[in-house]
Amino acid sequence: MTDYDHQAIEKSWQERWEAEGLYHADVDWSRPKHYALTMLPYPSGDFHIGHWYAMSPSDARARYMRMKGYNVLFPMGFDAFGLPAENAAVQRNIHPAKWTADRIERMRGQLRSMGAMFDWRREAVSSDPDYYTWTEWLFKRLYEHDLAYRGEALVNWSPTLQTVLANEQVIDGKDERTGQPVVQRLMEQWFFAITNYADELLRYDGIDWPEAIRTMQTNWIGRSEGAEVTFTTEHGDEIRVFTTRPDTLWGATFMVLAPEHPLVDSLTSADQREAVDTYREQAGRRTELERMEESREKTGVFTGGYAVNPVNGERIPVWIADYVLLSYGTGAIMAVPAHDQRDFEFARHFGLDIVPVIRPEGEEPLVADEMTESYVGPGAMVSSGPIDGTETSDAKGRANPSIAATIDWLEANGAGVESINYRLRDWLISRQRYWGSPIPMIHRQDGVIEPVPDEDLPVILPEDVEFHGRSPLAEYEPFYAATDSEGQPARRETDTLDTFMCSSWYWFRYLSPHYPDGPFDAEEAAYWLPVDTYTGGSEHAVMHLLYARFFVKAMRDMGVFADTERLMREHGKNPAGAFDEPFMMLRNQGQILGEERDGDVVVVQGERTGNKVMATSVTVDPDARPHAGTVVGELVRRTENLLQVASDGGLVTVEVPDTATVDIAAIPGTNDVTQLRHHLEVQRMSKSKGNVVNPDDLVEQYGADTVRTYLMFAFEWQKGGPWDSRGILGARRFIEDVWKLATAEYTPSRPNPDATAKLRRSVHQTIAKVGADLEEFKFNTAVAALMALRNDIQEGRRGEDVTPEAWDEAVETLLLLLAPIAPHVTEELWHRRGHDESIHLQAWPQSDAEVARVETVTMVIQVDGKVRDRVEVPAAISEEEAIEVALASERVQGYLDGGEPRTVVARPPKIVNVVL
RNA sequence: GCCGGGAUGGCGAAAUUGGUAGACGCGACGGACUCAAAAUCCGUUGGGCGCAAGCCCGUGGGGGUUCGAGUCCCCCUCCCGGUACCA
């Protein structure tokens, strides 16, 4: 037993740190700065172990940087606007402001229990007028620079949420938050012109971000190079199409328009009118989700109209089909069935012409009737007029000779132009909801829209409104009744801003959360910006992280940083590149999953051969009766579709083929093998599954230091993994061991130089190892190294053979290296050992290379690549000596059997390989 | 389908980037302490063979490069994440 009382220690240090302002970070131009940022939480009400997993390692690294001599800013705040608060108002009659404030208060307490080095003076809450004044102000600046505009577009409307959503917030036709389907509607809304920055957003110059995030953003932006070609209808209307393969224009045999395309009406012939109207009506009624759930069988109707292909004057039919989307490209395509798989399927389905225009490399020419799929490979252009015979490769855009030749021809003949198209749409920013930042705009009676003057900002969100599931603002006269710049009655904008806008600039507000003259104090910004490290989840790859990049670029171009840049220069800091990107380094943590459960009772029917069973049916039910079943027992392990079941008759391997019927008591409805796999393995934490790990309970039971240490130790941080309630005991034991060592009386009975040197070597190696690991976010190996040092110190204690000086050095170094990870217990022990100043103000220990150096190493001797012997040799051994030692080995001699080795490869002092 | 990341003991994981596979921890097993249990302490722990010295096998599967491959190259299987009639 120790007198380690984590509850008392953690509480008292948290209070003392707060009272002393230990973590206050202030501008100090004489010191290098480090701005460490972790994604701000939404005030959901309760901290999840996932928050701890994201934040406490980030805190450890920020603390490490502080000990390395940086002036570190590590702020915290709340992303406080959003729908859940509004729902609470509807369902429980609690005002969103109160709901939010209560939750923030509770979460602040939980955050404090983590013992992180947050500078609470810099806390920012996005729903405070202090904050959203500047969200509104930024909206106005964007409006003034034509980066915010009102426009009509086909948008995602969520009937569930009663609001429109940005493309980024719709996944698989369902809204990102609730998973409910969205529908497409043509509506007039507010947008941010993020597409103006598409090309710049594709560049990631100077930033150290995970490859995966950059790829996701690149794919989301979806740049494609090609040409825009103009076809002409029989009525003389122009139909513009975007294509990445203009070289196949001579193979275009029909056109397809999106059902909502504006030219559909004029194209439609009288006899096709009814069919077209029916199809359009059906398409409009279906949600994105329904469209995707239906088979991939192509549907569509002929309009009865024709258009002329500008390259050859051919008259081709115009169809409508829902595989062409109004929101992408021009909403119309030329169809080249021979060389595009979707067009091919459509043509086959409706019996349309297929004309090959590429002769595959080294093969016979394609014959339309014999084709079973489109051909998209390289070859030579055929039946293509002016570009006949031109080579075509797999390259995209002008890099492909046939495409380059076609673009030149199109431009010379006025039939089309080179064009680049993006998948990225402008960011739809308005929401028909209450609990968000107001949009500071006024609709005049004459239809003109004008901004609220700066001196009238902020537009305050009124409190005494009624909640009923839709935005109350549009029905609340005291809010919407306004006066325009000419004193005329007008209507205030009642939509509010997407909460992603609030989180697109919050790290600037942290710098000076109460600064009254701008979104941030330029002096603070000049010193702290840009953010050096940013940590958080990768789920924000194409939302928050893309918006944040857009915002800083737009702010830069609008001159918002002009004063900041001037101040940077005055202080001798080069502003170049400081406002091109928000976060210089980004690292994503993984996810903590629910605890791996065992104890599932499995009942299997099937054919048994020995201890193997081919299942025909599998039932998972904790209350399963031990009756008829080929095998009844407890699941021990599963890999793929193989289950290991411990039954009365011993361990049985059960194979579950796709054809087996599966019944899982916990999951209603018909189940399948996939569900079985997921159910029997780990899963996400959720209240309904009853596997949520509550950090508050863990902190009470084990202490924050133990929880932090365990979270950093147990997983590769970027990866995460299933919670293990037994694993945390190892972290607790480690902390207790540190306590014991640091409070022990140590008087050696037989100090000797060898043991002393050995311990000191370990200490200095550990300093280097832990520092390097924390630098690279490798928290698990950093903790492992500290545990190994603990083991070495314990060995010294048992042997009583290291000098008191080496002992003290080892123990205190252990405390210093552990301080960023377990801040409370190390602080306590540091003081108990007679230090007055906080351990968190100490410098990171220096590793003495001389002390850390090993004098002898174990050299491996291989014979034909197999390890046959190990010999202790001086670390500085020469190649000749190494070979000599290796050949002198008895084991090697035995293999040589008197003969000579064919060759010997030596990499002293690591390895010598003797090849027979 | 496409893009990205993976697959290493019973489990979480290490491995200086081509050089002792399994550090560190969990669990398990054996022992000490205890009337007993927990806690704690000591030890063992990839699999197989062997009394032992030791030998063989082993990083999802199959090939290859190399004196030497978890690591590099080619092919395949599976898992996780993202994304999808994107013209």
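Owing to the predicted nature of the structure, the values given are computational and were not obtained by experimental measurement. Residue numbers start from 1 in every chain, and the chains themselves are labelled A, B, ... in the order their sequence lines are given, proteins ahead of strands.
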Respond yes when some side-chain nitrogen or oxygen of Arg891(A) is under 4.0 Å from OP1 or OP2 of C55(B), and no when none is. yes
Work out which heavy atom in Ala258(A) is nearest to a heavy atom in Val264(A); give both atom names and the distance. O-CG2, 3.8 Å
Aromatic plane relationship, Phe715(A) with Tyr53(A) - under 30° parallel, 30 to 60° tilted, over 60° perpendicular: perpendicular
Quantified in whole Å, what is the P atom distance between nucleotide G58(B) and nucleotide G70(B)? 10 Å
Among A87(B), C26(B), G25(B), the one nearest Asp724(A) by side-chain distance: C26(B)
Distance, rounded to the nearest Å, where Met787(A) contributes CE and G12(B) contributes P: 17 Å
Quick one: is Arg733(A) getting a side-chain N or O under 4.0 Å of the G27(B) phosphate, OP1 or OP2? yes
Under 3.5 Å, is there a donor-acceptor pair linking the side chains of Thr230(A) and Glu238(A)? no
Would U59(B) be called syn or anti here, given the cut-off of 90° from 0? anti
Any chance you could lay out the salt bridge (charged side-chain N to carboxylate O under 4.0 Å, His left out) test for Arg245(A) and Asp247(A), step after step, and finish with the verdict? CA-CA 5 Å; Arg245(A) 293 302 303 265; Asp247(A) 52 335; 2.9 Å; yes
For a salt bridge (charged side-chain N to carboxylate O under 4.0 Å, His left out) check, start with the C-alpha distance between Lys758(A) and Glu795(A), then their side-chain angles and the critical distance, and finish with the verdict. CA-CA 11 Å; Lys758(A) 190 168 161 237; Glu795(A) 195 184 316; 3.0 Å; yes
In whole angstrom, give me the gap between the C1' atoms of U8(B) and A21(B). 8 Å
I need the minimum non-hydrogen distance between Thr766(A) and Ala785(A), along with the two atoms involved. CG2-O, 3.8 Å
note: Gln591(A), atom CD; C79(B), atom C1'; distance rounded to Å ~ 16 Å
For nucleotides A23(B) and C55(B), find the distance between their C1' atoms and express it as a whole number of Å. 26 Å
Asn588(A) CG to G6(B) P, in whole Å, measures 14 Å
What nucleotide, of G12(B), C67(B), G25(B), holds the atom closest to the side chain of Ala714(A)? G12(B)
Does the side chain of Ser762(A) pick up a donor-acceptor pair with the side chain of Asp792(A) at under 3.5 Å? yes
Using a cut-off of less than 4.0 Å, is there contact between a side-chain N or O of Lys719(A) and OP1 or OP2 of A13(B)? yes
Would you say a side-chain N or O of Arg726(A) is under 4.0 Å from OP1 or OP2 of G25(B)? no
In whole Å, what separates the C1' atom of C42(B) from that of C33(B)? 11 Å
Counting only side-chain heavy atoms from C-beta out, which of C3(B), C85(B), A84(B) sits nearest to Asp322(A)? C85(B)
Give the B/S/- string for nucleotides 14-21 of chain B, one per nucleotide from 5' to 3', where a protein heavy atom under 4.0 Å of the base yields B, of only the sugar-phosphate yields S, and otherwise -. SSB--BBS
Can you confirm whether the side chains of Tyr204(A) and Thr218(A) place a donor and an acceptor under 3.5 Å from each other? yes
OP1 or OP2 of C86(B) sitting under 4.0 Å from any side-chain N/O of Arg342(A)? yes
Parallel, tilted or perpendicular for Trp717(A) and Phe777(A), by the 30°/60° rule? parallel
Shortest non-hydrogen contact between Gln718(A) and Arg587(A), atoms and distance: OE1-CD, 4.3 Å
Pick base, sugar-phosphate or nothing for Gly720(A), based on heavy-atom distances below 4.0 Å to the nucleic acid. sugar-phosphate
Between CG of Asn219(A) and P of G81(B) the distance, given in whole Å, is 17 Å
Ile333(A) CD1 to C86(B) P, in whole Å, measures 9 Å
For nucleotides C79(B) and G60(B), find the distance between their C1' atoms and express it as a whole number of Å. 10 Å
Provide, to the nearest angstrom, the distance between the CG atom belonging to Leu249(A) and the C1' atom belonging to A87(B). 12 Å
If you only use heavy atoms from C-beta on, which nucleotide in G25(B), A87(B), C24(B) is closest to the side chain of Leu325(A)? A87(B)
Roughly, in whole Å, what's the span from CD in Glu211(A) to P in G5(B)? 6 Å
Given G25(B), is OP1 or OP2 found less than 4.0 Å from the side-chain N or O atoms of Asn791(A)? yes
Taking the nucleotide of RNA chain B with the nearest heavy atom to each, does Arg423(A) or Ser224(A) sit closer to the 5' end? Arg423(A)
Students often mix this up, so state it plainly: with edges at 30° and 60°, are the rings of Trp319(A) and Phe350(A) parallel, tilted or perpendicular? tilted
Would you mind telling me which residue lines up with the more 5' stretch of RNA chain B, Gly331(A) or Ala212(A), judged by nearest nucleotide? Ala212(A)
Using the C1' atom in both, what is the distance from G30(B) to C80(B), to the nearest Å? 40 Å
Return the value, rounded to whole Å, for the distance between atom CG of Leu711(A) and atom C1' of G12(B). 13 Å
Between protein and nucleotides 56-58 of chain B, what N or O pairs are separated by less than 3.5 Å?
unit_1, atom_1, unit_2, atom_2, d
C56(B), OP1, Arg868(A), NH2, 3.3
C56(B), OP2, Arg868(A), NH1, 3.0
C57(B), OP2, Lys866(A), NZ, 3.2

Pick one for G9(B): is it syn, with its angle within 90° of 0, or anti? syn
Contact summary for Ile735(A) and Leu818(A), nearest pair of heavy atoms: CD1-CD2, 4.5 Å
Ignoring backbone atoms, test whether Arg798(A) places a side-chain nitrogen or oxygen under 4.0 Å from the OP1 or OP2 oxygen of C41(B). no
Look at Arg223(A) together with Glu225(A) and state whether they make a salt bridge at an N to O cut-off of under 4.0 Å. yes
How far does the P atom of C49(B) sit from the matching atom of C26(B), given to the nearest Å? 29 Å
If you measure from the P atom in A7(B) to the same atom in C72(B), how many Å do you get, rounded? 11 Å
Decide whether Tyr323(A) and Asp343(A) meet the rule of one side-chain donor and one side-chain acceptor closer than 3.5 Å. yes
Using a cut-off of 4.0 Å on non-hydrogen atoms, how would the nucleic acid contact of Arg425(A) be classed: base, sugar-phosphate, or nothing? nothing
Working for side-chain contact (heavy atoms from CB on, under 4.5 Å), residues Ile911(A) and Gln862(A): CA-CA 7 Å; Ile911(A) 202 159; Gln862(A) 296 183 329; 3.5 Å; yes
Determine the stems involving RNA chain B; a stem requires 3 or more consecutive pairs of the Watson-Crick or G-U wobble kind, each with both distances below 3.5 Å, and the answer is none if no such run exists. B:1-7 with B:77-83, B:10-12 with B:24-26, B:27-32 with B:40-45, B:46-49 with B:54-57, B:60-64 with B:72-76
